[in-house]
Amino acid sequence: MKAEHGTGRNMAPYVELEWGKEAYDIMWQIKRAFDPQGLLNPDVILSHNANLHVQNLKPLPKANDKVDTCIECGFCESSCPSKSITLTPRQRIVIWREIQRLTAMGTDPQRLAELRKDYDYQGVDTCAGCGLCSMQCPVGINTGDLTRELRHDRHPDSKVGYWVADHFEGVTKTAKVGLNLASGARRVMGDSGMTTISSAMNKVSNGAVPKWHKQMPNAASSLKSIPVLQCDDMQSNDLQKEVIYFPSCATRVMGAGPNADDKRSVMEVMFSVLQKAGYKVTVPKDIDSQCCGMAFQSKGQFDAANKKANDLNRLLLDASDNGRIPIVCDVSPCLLRMQESLDPRLDLHEQVGFVSAHVMPNLTVKEKLGKIALHVTCSTTRMGLADSFVQLAHQLAEEVIIPPDITCCGFAGDKGFSTPELNASALKTLAKAVEGCEAGYSNSRTCEIGLSEHSGIEYQSIVYLVDQLTQSSRVL
């Protein structure tokens, strides 16, 4: 009757029916012999209360259709990057249910106001929105969907999001200018001086100016400055191997970190790797104005996110001949967003997946590194590419360390700048786990910034290692 769950208050009124009166009376005799005062788990196994199973029921009030099926089992909690600093997904849902209950009842307004105020930071601002909770949840609830909706409700008609979407090329160019200026100022004032100034500006601007990060990258080089192998230099059979390269806005803006040995941008390395493998690489025109929309979606600016996705969709359909030519993106979270929002005719590939399946067969590994650290991003896991990522790393290194206690890094796009304590909490065990590693590798530019900050080693895209250790195996 009870299977693996055992007898509890839901089943206690039926134990006599299951076993019969004679056996039930014997159970009570044994119970009284060991517990004459009824102190041990009263009513949990044996009970004289025939209505126990319909009393003291835990309420699960409706709160939001994205989370209403949650039974608060807690399976999601182990994968959440904010579990040690604020709330887990289960706790976010429980508290939001209580907020909605108090709102509907109209009672205890003081408690409701306190919960709403605290929930802004505890529930909304420190949720990474990574979606790993959905992979652990028995019914697939992604608490990040609730978080993004609540962010939308804060500013439902924000004109800033629309303006940024319409002027995206100018915004990204301005960001690059800002990074160049910051790099110059760092050389003069050092990290401590930049920390002091940026903290003051962050406070005055109400968070618009990000806090200083010791791993703040240099600006990326312009796409126009990257040498591209001309078709005349390729063999005729190579011309059949085409690929559309979509560099994400993060890699178009952010170059290498301040301590990186290889100062090339991810874009430069991607060109090198793809062309070394024999691909004719094409970057779509007007790419500087394009974005997959993830940066807007994560902030709850859904209309702006959809606008950018629709613009990119038209551009990629045209560039790829309606999906005939494969498209590879260099940042894992962006590719996941593209898979979810763009035309299914597009042949979309994440960086690791494409390199593993299509690039490495055309390359020869000259040597292997000794011991490296690997961070498998949450989006890589959600796309089912974690095993491919690990296998690729093993092709390039003798030993690959994957810290067992770390799931999502908590950088969450720009959260590592605006809410750095989330990133620090998620990676608090990283430095010890990667001791002795020569370097670290991942496949998301922003994640690599936080990983470098909290590990003591430099993290870069895995394509840097591919380019460093391989040579073309094609016969020209």
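Crowding of N180 atom CG: a count of heavy atoms from other residues, nucleotides or ligands under 6.0 Å exceeding 12. More than 12 non-hydrogen atoms from other residues, nucleotides or ligands lie less than 6.0 angstrom from CE of M27. For CG of L181, the number of neighbouring non-hydrogen atoms (other residues, nucleotides, ligands) closer than 6.0 Å is greater than 12.
Remark: K66 does not engage D145 in a salt bridge, criterion side-chain N to carboxylate O under 4.0 Å. A salt bridge does not link D25 to K31: none of the charged side-chain nitrogens sits closer than 4.0 Å to a carboxylate oxygen. We find that E77 and K83 are not joined by a salt bridge, their nearest charged nitrogen and carboxylate oxygen being 4.0 Å or further apart. Salt-bridge check for K117 with D120: failed, with every basic side-chain N at 4.0 Å or more from each acidic carboxylate O. Taking a cutoff of 4.0 Å between a charged side-chain nitrogen and a carboxylate oxygen, D166 and K307 qualify as a salt bridge. Contact check on D125 versus R154 returns a salt bridge, with a Lys/Arg side-chain nitrogen under 4.0 Å from an Asp/Glu carboxylate oxygen. Using a cut-off of 4.0 Å between Lys/Arg side-chain N and Asp/Glu carboxylate O, E114 and R111 are scored as not salt-bridged.
Checked against the 6.0 Å centroid criterion, the rings of F411 and F417 qualify as a close aromatic pair.
The backbone N or O of A63 lies less than 3.5 Å from no partner atom in the side chain of R101, so there is not a single donor-acceptor pair.
Between the side chains of T172 and D288, no donor-acceptor pair of N or O atoms lies under 3.5 Å. N306 and Q297 are not linked by any side-chain donor-acceptor pair at a separation below 3.5 angstrom, with hydrogens and angles left out of the test. Of the N and O atoms on the side chains of S444 and S332, not one donor lies less than 3.5 Å from an acceptor on the other residue. Side-chain contact, D347 with H349: a donor N or O sits under 3.5 Å from an acceptor N or O. Of the N and O atoms on the side chains of S192 and T195, not one donor lies less than 3.5 Å from an acceptor on the other residue. In summary, the side chains of R116 and T103 do present a donor paired with an acceptor at a separation below 3.5 Å, with no hydrogens or angles considered. A donor-acceptor contact closer than 3.5 angstrom is absent between the side chains of W96 and N64. Using modelled atom types, one finds a donor on one side chain and an acceptor on the other under 3.5 Å when comparing S84 with K428.
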Going through the checks in order, is the salt bridge (charged side-chain N to carboxylate O under 4.0 Å, His left out) test met by E448 and R445? CA-CA 5 Å; E448 291 150 14; R445 185 66 196 93; 3.7 Å; yes
Determine, step by step, whether R314 and D311 satisfy the salt bridge (charged side-chain N to carboxylate O under 4.0 Å, His left out) criterion, reporting the C-alpha distance in whole Å, the side-chain angles of both residues, the deciding distance to 0.1 Å, and the verdict. CA-CA 5 Å; R314 288 191 291 269; D311 291 346; 2.5 Å; yes
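Applying side-chain contact (heavy atoms from CB on, under 4.5 Å) to P89 and the options C137, C76, S82, S79 leaves one that passes, C76.
Between V328 and Q351, the shortest heavy-atom distance links the atoms CG2-CA, 4.0 Å. Nearest approach of A309 to S341, heavy atoms of both residues: CB-OG, 4.0 Å.
Atom CZ of residue R337 and atom CG of residue L348 lie 12.5 Å apart, to the nearest 0.5 angstrom. Interatomic distance, I457 CD1 to C437 SG, rounded to the nearest 0.5 Å: 5.0 Å. Here the CZ-OG distance, from F354 to S388, works out to 13.5 Å after rounding to the nearest 0.5 Å. With values rounded to the nearest 0.5 angstrom, H213 atom NE2 is found 13.5 Å from M194 atom CE.
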